[in-house]
Amino acid sequence: RSGSSDLDSATRTEQDAPMGSLQSSYAREVRDGLGWGATWLPSMRVEVGDVGTFIDGVFVKATDLSLLKIPFSTEPSSHNVDLNFCSQQGVSIETKAAGETSTAFQGVLAASAGIAVSFERKAGVVMSLTGLDGDRLTDRPGLEAELRRRLTDRSGWQEEFAVLIELLSASSATILASSTASTRVE
């Protein structure tokens with residue numbers, strides 16, 4: 001979730017990611033379904049205290065609080081949970097037990113268990129995250145006051161900047177995202 005030494009070092013611009021691109025669709029589904037900001041690729045390493053902007057819905061790091069000489073500290077945000085998420089519309093999931101026959105499965109043998117994910121519309125997302133854990137800023141009100149001061153004083157803070165205030169990471173993740181409609185994975 002979110003709340004390079006300057007913005008010019010961010011290499012992506014809004015023109016780099018066409019409207020309706022996979023990364024913008026993925027970011028929108030994550031934001032709308034979970035209320036979280038997203039990175040692209042989902043495996044991109046970011047840290048609490050990173051500073052950047054959201055371009056086409058995806059966080060792009062420009063700098064961090066340490067490089068801006070803004071003190072901060074973090075603490076664990078113990079979640080210790082697993083999460084399964086599926087877009088609210090246009091995604092269906094079918095399962096098959098080992099030994100069960102099903103005409104719905106073309107690529108899974110009768111002796112094998114299987115799962116099939118169908119995307120009826122583009123921009124569908126299915127994800128399974130295990131071992132979610134995280135870190136978060138400890139003094140958010142103090143940080144907000146410092147950022148307001150710097151914005152007012154024009155001392156190194158830009159209004160479009162966002163700070164990662166909490167970060168969740170998974171020990172294991174399976175993510176399927178569809179860029180086209182009528183897609184199926186078995």
Side-chain angles (χ1 to χ4, degrees), residues 1-75 77 79 83 85-91 119 121-127 129 132-170 173 175-180:
R1 292 176 3 174
S2 52
S4 22
S5 61
D6 61 29
L7 187 59
D8 294 335
S9 67
T11 57
R12 282 189 54 226
T13 65
E14 291 192 43
Q15 291 78 26
D16 292 333
M19 189 86 142
S21 66
L22 183 58
Q23 63 263 30
S24 65
S25 299
Y26 166 77
R28 184 177 49 255
E29 290 295 311
V30 169
R31 182 191 64 238
D32 292 351
L34 297 171
W36 298 348
T39 58
W40 187 265
L41 296 164
S43 60
M44 185 178 81
R45 304 290 289 173
V46 291
E47 297 179 14
V48 172
D50 282 354
V51 175
T53 58
F54 283 89
I55 297 175
D56 206 20
V58 176
F59 181 77
V60 178
K61 181 180 175 178
T63 188
D64 61 55
L65 293 175
S66 296
L67 288 172
L68 293 171
K69 299 190 182 342
I70 299 174
F72 71 100
S73 59
T74 63
E75 64 185 1
S77 58
H79 293 278
L83 173 78
F85 169 77
C86 180
S87 295
Q88 290 185 5
Q89 297 177 343
V91 178
F119 296 96
R121 66 174 177 90
K122 67 181 189 176
V125 173
V126 174
M127 70 173 92
L129 309 173
L132 272 180
D133 210 358
D135 291 302
R136 64 177 166 230
L137 286 171
T138 56
D139 182 16
R140 188 172 167 184
L143 175 64
E144 289 174 358
E146 175 63 14
L147 297 181
R148 271 194 217 95
R149 184 192 68 73
R150 286 180 178 234
L151 185 60
T152 303
D153 294 349
R154 301 194 190 287
S155 53
W157 190 258
Q158 297 179 28
E159 192 170 350
E160 64 272 10
F161 278 166
V163 177
L164 292 183
I165 59 170
E166 184 172 14
L167 178 69
L168 299 178
S169 57
I175 302 172
L176 301 174
S178 172
S179 61
T180 60

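Predicted, not measured: the structure shown is a model, and the values here were computed from it.
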Quiz item: If you take all heavy atoms of Ala38 and Tyr26, which pair is closest and at what distance?
Solution: CB-CE2, 3.9 Å
Practice problem: Rounded to the nearest 0.5 Å, what's the gap from CD on Gln158 to CG on Leu151? Could you check? | Solution: 9.5 Å
Quiz item: Do Leu34 and Leu83 have side-chain heavy atoms sitting under 4.5 Å apart?
Solution: yes
Quiz item: Which residues pass the ring-ring contact (aromatic ring centres under 6.0 Å, His included) test with Phe119, sequence neighbours left out?
Solution: none
Quiz item: How far apart are the C-alpha atoms of Leu167 and Thr74, what are their side-chain angles, what is the distance that settles it, and do they pass the side-chain contact (heavy atoms from CB on, under 4.5 Å) test?
Solution: CA-CA 10 Å; Leu167 178 69; Thr74 63; over 6 Å; no
Quiz item: How about Leu164 and Glu47: do any of their side-chain heavy atoms sit closer than 4.5 Å?
Solution: no
Quiz prompt | pair Phe59-Asp50: side-chain heavy atoms closer than 4.5 Å | solution = yes
Exercise. Please name the pair of heavy atoms, one in Ala173 and one in Leu129, separated by the smallest distance, quoted to 0.1 Å.
Key: CB-CD2, 3.5 Å
Self-check item: All side-chain hydrogen bond (donor to acceptor under 3.5 Å, both in side chains) counterparts of Ser87, not counting sequence neighbours
Solution: Glu29
Quiz item: Can you tell me how far CG of Leu65 sits from CD1 of Ile165, rounded to the nearest 0.5 angstrom?
Solution: 11.0 Å
Quiz item: Do you know which two heavy atoms are closest between Met127 and Val30, and how far apart they sit?
Solution: CE-CG2, 3.6 Å
Quiz item: Given side chains that start at C-beta, do those of Trp40 and Asp56 come closer than 4.5 Å, heavy atoms only?
Solution: no
Quiz item: Are any non-hydrogen side-chain atoms of Val51 and Leu67 less than 4.5 angstrom apart?
Solution: no
Practice problem: Could you tell me which residues satisfy side-chain contact (heavy atoms from CB on, under 4.5 Å) with Ser66, sequence neighbours excluded, listed by chain and number? | Solution: Asp64, Phe72
Quiz prompt | Non-hydrogen atoms of Val58 and Thr39 that approach each other most closely | solution = CG1-C, 3.9 Å
Practice problem: With sequence neighbours left out, write down each residue that passes salt bridge (charged side-chain N to carboxylate O under 4.0 Å, His left out) with Glu75, or none if nothing qualifies. | Solution: Arg136
Self-check item: side-chain hydrogen bond (donor to acceptor under 3.5 Å, both in side chains) against Arg150, all qualifying residues, sequence neighbours excluded
Solution: Glu146
Quiz item: Considering residues at least two apart in sequence or located in another chain, which fulfil the side-chain hydrogen bond (donor to acceptor under 3.5 Å, both in side chains) criterion with Glu144?
Solution: Arg140
Self-check item: Distance (rounded to the nearest 0.5 Å) between Arg148 CZ and Leu143 CG
Solution: 9.5 Å
Quiz prompt | Leu176 side chain reached by Val91 side chain, heavy atoms, under 4.5 Å | solution = no
Quiz item: Taking all non-hydrogen atoms of both residues, which atom of Ala62 and which atom of Phe161 are closest, and how far apart?
Solution: CB-CE2, 4.4 Å
